[in-house]
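So the structure is just underneath, and the comments pick up after that.
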Amino acid sequence: MRARASGGGRFIHASRADGIIAAGPGRSAQRGFTLLEILLATALLAAGLALAFATLRAATATAQRGEALSQRSERVRAVEGFLRRRIASALPVGFATKPDTGEQIRFIGEPERMRFVADLPDYLGRGGPHLHDVQLLGDGDRARLAVSFTMVAGAQPQPERRPRPPETLAREIAQVRFRYRGLDADHQLGEWQDAWEAQAQLPLQVSIEILDADGTRWPTLVVALPQAGLDAGGGLFQ
């Protein structure tokens with residue numbers, strides 16, 4: 001067995017001839033963490049977890065906002081597409097008669113309501129000409145934009161025995177504004193009107209402005225009526 005001493009005479013370790021090394025009474029090679037190091041590591045871990053949770057919350061909120069925006073955009077596109085198709089398909093067909101003149105009424109346009117006749121697609125009912133009544137129902141934030149359909153025959157509405165309630169197009173609507181445009185006295189495109197006075201004929205254009213209850217304004221929708229200027233027999237109005 002061989003032994004080796006340090007410079008100061010302290011015994012470090014001994015080695016035997018069989019190759020087994022015995023540990024001596026020298027200083028241990030392992031060292032534990034101090035309390036300060038443990039506290040620092042805990043603080044760093046807590047800060048990392050807080051940052052991770054904040055990032056996760058921000059990502060979740062962003063995803064939720066994106067989904068809400070996507071749903072709103074899809075709703076706006078659906079409602080605008082429906083209104084554009086229905087208004088553009090308006091026909092110069094009478095659905096009422098003025099009692100004083102006997103003149104047929106083919107279009108009634110008001111700031112928050114309009115009525116006209118158009119062929120109803122089969123997927124919405126039995127098809128054929130139907131009176132379309134588009135209006136804002138209710139007050140305040142609970143108002144809704146709705147449409148109802150009534151069959152027209154002989155220039156008169158033919159209500160069903162069990163009429164269906166108006167179909168809701170959009171909820172939580174604060175304001176709806178319908179405006180109408182036709183030719184002026186010089187046969188030029190006139191100014192926008194809040195009410196359509198020439199009820200015996202269709203306007204050339206209809207403008208729709210919608211404001212949500214949360215203050216979000218929809219893009220203004222302008223629809224041209226291809227059948228404007230034609231009477232029920234296919235000729236021009238005089």
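Contact between Pro157 and Pro159 at its shortest, heavy atoms only, is O-CD, 3.3 Å. Contact detail for Val152 and Gly94: the closest heavy-atom pair is CG1-O, 3.7 Å. Closest non-hydrogen pair, Pro129 versus Asp119, comes out as N-OD1, 3.3 Å. Closest non-hydrogen pair, Tyr180 versus Met114, comes out as OH-CB, 3.5 Å.
Side-chain atoms of Asp214 come within 3.5 Å of backbone N or O of Thr216 as a donor-acceptor pair. When atom types are taken as modelled, the side chain of Gln156 and the backbone of Ala153 share no donor-acceptor pair closer than 3.5 angstrom. In terms of modelled atom types and a separation under 3.5 Å, the side chain of Arg106 and the main chain of Pro92 share a donor-acceptor contact. Side chain of Arg177 to main chain of Glu209: no donor-acceptor pair is present (N/O by atom type, distance under 3.5 Å, no hydrogens or angles).
A salt bridge is defined here as a Lys NZ or Arg NE, NH1 or NH2 lying under 4.0 Å from an Asp or Glu carboxylate O, and Glu110 with Arg115 meets this definition. For the pair Arg217 and Asp212, the salt-bridge criterion is not met [side-chain N within less than 4.0 Å of a carboxylate O].
No side-chain heavy atom of Leu83 sits less than 4.5 Å from a side-chain heavy atom of Val223. Counting heavy atoms from C-beta outward, Gln227 and Leu225 have side chains that stay 4.5 Å or more apart. By the 4.5 Å heavy-atom criterion applied to side chains, Ile208 and Thr220 are not counted as neighbours. Side-chain atoms of Leu137 and Pro166, non-hydrogen and from C-beta on, do get closer than 4.5 Å to each other. For the pair Val206/Phe107, a side-chain contact is recorded, criterion being any heavy-atom separation below 4.5 Å from C-beta on. Between Ile87 and Phe82 the shortest side-chain heavy-atom distance does not fall below 4.5 Å. Using a 4.5 Å heavy-atom threshold, the side chains of Trp196 and Leu202 count as separate.
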Apply the test side chain to side chain contact (heavy atoms under 4.5 Å, CB included) to residues Phe178 and Ser207: give CA-CA distance (whole Å), side-chain angles for both, the deciding distance (0.1 Å), then the verdict.
CA-CA 6 Å; Phe178 298 140; Ser207 169; over 6 Å; no
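In the hydrophobic cluster analysis, where Ile, Leu, Val, Met, Phe, Trp and Tyr join through side-chain heavy atoms closer than 4.5 angstrom, Val79 is grouped together with Leu120. Note: the hydrophobic cluster containing Phe53 also contains Leu45 (ILVMFWY, side chain heavy atoms under 4.5 Å, direct or indirect links). There is a path of hydrophobic side-chain contacts, each under 4.5 Å, that joins Val93 to Ile108.
Among pairs with a residue in residues 77-86, those fulfilling side-chain hydrogen bond (donor to acceptor under 3.5 Å, both in side chains) read Glu74-Arg77, Arg86-His132, at least two apart in sequence or across chains. Applying the side-chain hydrogen bond (donor to acceptor under 3.5 Å, both in side chains) test to every pair with at least one member in residues 38-57, sequence neighbours left out, gives no pairs at all.
Note that the CZ atom of Arg164 and the OG1 atom of Thr150 stand 9.0 Å from one another [nearest 0.5 Å]. Between the CD atom of Gln199 and the CD1 atom of Ile105 there is a distance of 5.0 Å, given to the nearest 0.5 Å. The CD atom of Gln201 sits 13.5 Å away from the CD atom of Gln104 when rounded to the nearest 0.5 Å. For the atom pair CD1 (Ile173) and OG1 (Thr168), the distance works out to 10.5 Å, reported to the nearest 0.5 Å. Arg181 contributes atom CZ, which lies 4.0 Å from atom CG of Leu189 (distance to the nearest 0.5 angstrom). We find the CG-CZ distance between Leu169 and Arg75 to be 10.5 Å, quoted to the nearest 0.5 Å.
Residue-environment remark: CZ (Arg171) stays at or below the threshold of 12 foreign heavy atoms within 6.0 Å. More than 12 heavy atoms of other residues, nucleotides or ligands sit less than 6.0 Å from atom CD of Gln158.
Taking the centre of each ring, Phe95 and Phe116 stay at or above the 6.0 Å mark.
The side chain to side chain contact (heavy atoms under 4.5 Å, CB included) test with Ile210 singles out one residue from Leu136, Val176, Val76, and that residue is Val176.
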